[in-house]
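In the text below, chain A, chain B and the rest are named by the order of the sequence lines, each starting its count at 1. These numbers were taken from a predicted model, which means no experiment stands behind them.
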Protein chains: 6
Amino acid sequence: MGELSHVDDEGAARMVDVSAKEVTARVAVASGVVRTTAEVVGLLRRDGLPKGDALATARIAGIMGAKRTPDLIPLCHPLALSGVRIDLELGADEVRVTATVRTNDRTGVEMEALTAVAVCGLTLHDMIKAVDPAAVLDAVRVERKDGGKSGTWTRGEP
Amino acid sequence: MGELSHVDDEGAARMVDVSAKEVTARVAVASGVVRTTAEVVGLLRRDGLPKGDALATARIAGIMGAKRTPDLIPLCHPLALSGVRIDLELGADEVRVTATVRTNDRTGVEMEALTAVAVCGLTLHDMIKAVDPAAVLDAVRVERKDGGKSGTWTRGEP
Amino acid sequence: MGELSHVDDEGAARMVDVSAKEVTARVAVASGVVRTTAEVVGLLRRDGLPKGDALATARIAGIMGAKRTPDLIPLCHPLALSGVRIDLELGADEVRVTATVRTNDRTGVEMEALTAVAVCGLTLHDMIKAVDPAAVLDAVRVERKDGGKSGTWTRGEP
Amino acid sequence: MGELSHVDDEGAARMVDVSAKEVTARVAVASGVVRTTAEVVGLLRRDGLPKGDALATARIAGIMGAKRTPDLIPLCHPLALSGVRIDLELGADEVRVTATVRTNDRTGVEMEALTAVAVCGLTLHDMIKAVDPAAVLDAVRVERKDGGKSGTWTRGEP
Amino acid sequence: MGELSHVDDEGAARMVDVSAKEVTARVAVASGVVRTTAEVVGLLRRDGLPKGDALATARIAGIMGAKRTPDLIPLCHPLALSGVRIDLELGADEVRVTATVRTNDRTGVEMEALTAVAVCGLTLHDMIKAVDPAAVLDAVRVERKDGGKSGTWTRGEP
Amino acid sequence: MGELSHVDDEGAARMVDVSAKEVTARVAVASGVVRTTAEVVGLLRRDGLPKGDALATARIAGIMGAKRTPDLIPLCHPLALSGVRIDLELGADEVRVTATVRTNDRTGVEMEALTAVAVCGLTLHDMIKAVDPAAVLDAVRVERKDGGKSGTWTRGEP
């Protein structure tokens, strides 16, 4: 079995040296779900009118959140992101968030994709909390990653 | 039923004016769960030795994340946080994260507590992802808030 | 005639001590204009459809920019902003940006309002630059400020 | 005619994928003008003595502002800036700001140059506002860009 | 004897709750010394001509550094700084840095003053390192603090 | 003798253009010492128990500080750090901090290593200041640098 790669033999945290890793195109897709009420989803839908900024605010927050990842996650490397896309899907009583992040760099961008999902989901929470203080951000997870020595990883069936 | 407080009548996003709200002591408690494997929890436990920084790294990230909330969540007010505490509880195959945030200010600190939980949980994910890429951050939610005009709110039984 | 308040008698820059100033409600309104083409304004208008994020992106950037003011303007005090609103008005071949910022603090928020306008205007520039690389951000200026010892200041007729 | 490159077919904002673009040397030059009074320009000139920090403060703010561009402009890519230079020219009743930004990366640095100009100009405004609250930041615009597939673009005569 | 106030009984780091502390005027003075060569001090002195930005750059960096303290020092509270001043004194082969920071808040500003000194000193190092790579930042320490329950503390004679 | 590379012929600060420099593997090692009391070192040692977060907090702060260098040091280039490691060594009445920073980029990482040491040292100061307000951060300096045109530099014997 493995070890925690981010702590050394004595247990000290470190930013792992990736100098020797190859610069390759890498992609990561992460997702999450904001569980709320049908009423709130109705408000967000109606907000889908001209100047209805609620979903746009969440998308923008997710994209900017991806860029802040190395400021937030202590042992993450600063990376040159080459693209970020956030998809929001309104369900009956939930909003599904999917983030796709791309780079050409020495390490993967799972953490950037996960951070984008979390910040987007929390921004939705912020906007709906006066109506639904009980909303929950659930199932924040990596769906797929490509590139680098370890190749493609895809989440299996649950 | 309510409306989305963060968009105006025409749907434009705004940072709501809270000038007229009272400065009071406010507390928010949020929680979340990182679902992983028993093996990973074992590694984190063994990390509970001198210089075992994994859990400390996650706690520190959560505390610093609370302070970055207004940089991340577009419509959040910058607040003078007066205290942040993160509790981590190791279960059989999960880590439960709880954040308690305090302020003396004009608005509540739910978003700060949620952000602390999310950043702490993602930092755990970062440290364990080489061993368990399938880990999931679940159930990020407010447990309780006190203070301000709306008084105390506590999550009901599920 | 006056002096530059931000440098001392020997010319050294400083963050002026405002400890003795009163905490009062303060408001500042600033504006600016992005001059572009009728075609671009047409694109932005058509973007005023469901999920048309261009104007929302600029509004969000302006609001977040107001919060980053003390990180950007070296001698500005960090302030507890209590409200930020951005208004965008589409003209024939221009977009007018107006920012209104409120605080309860010891100094005024003109710089926060100006920064909101500038960041919002530059974000519009970013989104339209592939179509109109010659766009210009013009007339970034304070329109009005209220509160504090100096009371109300309003821009005179040009 | 073109489209807004930063929103997709459905109008959703995104950070455009530039993975396939070439890494080349790129330069952008932007400029702007702070219009004020002859008196203020006199103060800034006199400040041109030993330890006269006003112009230096504005230059430093502009350089640091260029580095903060991806934090401010939501859909900008984080870039490895390889050089930033700010030139300030005192006129009769105005200060002209010019920023030159260089990179070796996959996208241009117009936004970095524009942000440097805006932050530099606003910092000048901050330092002179006690003497001239009516100062205006005008004509913030790209003058020239080189590099990348689109080659050189130069602003035409007005 | 005391305990480490920033870790709880079980050793977990926390941002200490200061809600119950009084809002009072507080001042902290910190200092440090950049030890270099007489040649470098000569260069810095000659830089004391019009547009000689080296010392100004260091002062500005120190002032901005004070504002970034809660982003850098994990357990520091975000504070409303009401004034920052940096003094630079050129000696024979060294530069002495002194920072004075003021607030009206619930905790002291020693860390802000120390951070201002360190960032100012490192900025000097950055500017002189091509000439003197062996420069040393020494003796970064609090000289005096006033305000709050513990009153005034002054460094004793060495 | 040399000149200050970061100011031009007229004394204006600039971020030096490094476009023409080669991308190579570079390493810098910096160190510093927090001088305190034997009692405090005892507290830190005892903190070396499970969940004893004091030293981990300082390590994490140092690693994150390295990443914030271009935000703090005005004329530093933003760099793609490929690894950061912080070593803490407890002496009789002092803590020695060593930072090792790696990159594959166009300029060296001395400033990143020095910033890591300073932020780590100040974080230790923050945690011990209630017990030892007189602690001093001393001897912050580069020990060694490798890579780039200038090759290896090692501090000589004192």
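Annotation for C/L72 and D/T123: closest pair O-OG1, 4.3 Å, computed over non-hydrogen atoms. Of all non-hydrogen atoms in D/A13 and C/D53, the two that sit nearest each other are N-OD2, 2.9 Å. Heavy atoms only, all atoms of each residue included: C/A54 and D/V7 are closest at N-CG1, 4.2 Å.
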Exercise. Could you please spell out the steps behind the side chain to side chain contact (heavy atoms under 4.5 Å, CB included) verdict for D/L75 and C/D126?
Key: CA-CA 8 Å; D/L75 306 175; C/D126 182 40; 4.1 Å; yes

Exercise. Begin from the C-alpha positions of D/E110 and C/L122 and carry the test side chain to side chain contact (heavy atoms under 4.5 Å, CB included) through to its verdict.
Key: CA-CA 10 Å; D/E110 302 99 290; C/L122 294 178; over 6 Å; no

Self-check item: Candidate pair D/R141 and C/L137, rule side chain to side chain contact (heavy atoms under 4.5 Å, CB included), full reasoning
Solution: CA-CA 7 Å; D/R141 62 193 204 183; C/L137 173 59; over 6 Å; no

Quiz item: Between C/L4 and D/L44, is a side chain to side chain contact (heavy atoms under 4.5 Å, CB included) present by the stated rule, with each step listed?
Solution: CA-CA 8 Å; C/L4 300 183; D/L44 291 171; 3.9 Å; yes

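Within the 3.5 Å criterion, the main-chain N or O of D/D138 finds no donor-acceptor partner in the side chain of C/D138.
Proximity to chain C (any heavy atom under 4.5 Å) is shown, for D/D132, by neither the backbone nor the side chain. Contact of C/C76 with chain D is made through backbone and side chain together, with heavy-atom distances under 4.5 Å. Looking at D/S150, there are no atoms closer than 4.5 Å to chain C (heavy atoms on both sides), in backbone or side chain. Contact annotation for D/A134: both backbone and side-chain heavy atoms come within less than 4.5 Å of a heavy atom of chain C. Only the side chain of D/K129 comes within less than 4.5 Å of a heavy atom in chain C; its backbone stays farther off.
The choice from D/E143, D/H125, D/M64, D/R35 that makes the most heavy-atom pairs within less than 4.5 Å of chain C is D/H125. Across D/G65, D/A118, D/A139, the residue that shares the most heavy-atom pairs under 4.5 angstrom with chain C is D/A139.
The CZ atom of C/R14 sits 12.0 Å away from the OG1 atom of D/T57 when rounded to the nearest 0.5 Å. Taking CZ of C/R68 as the start and CG of D/D71 as the end, the distance is 5.0 Å to the nearest 0.5 Å.
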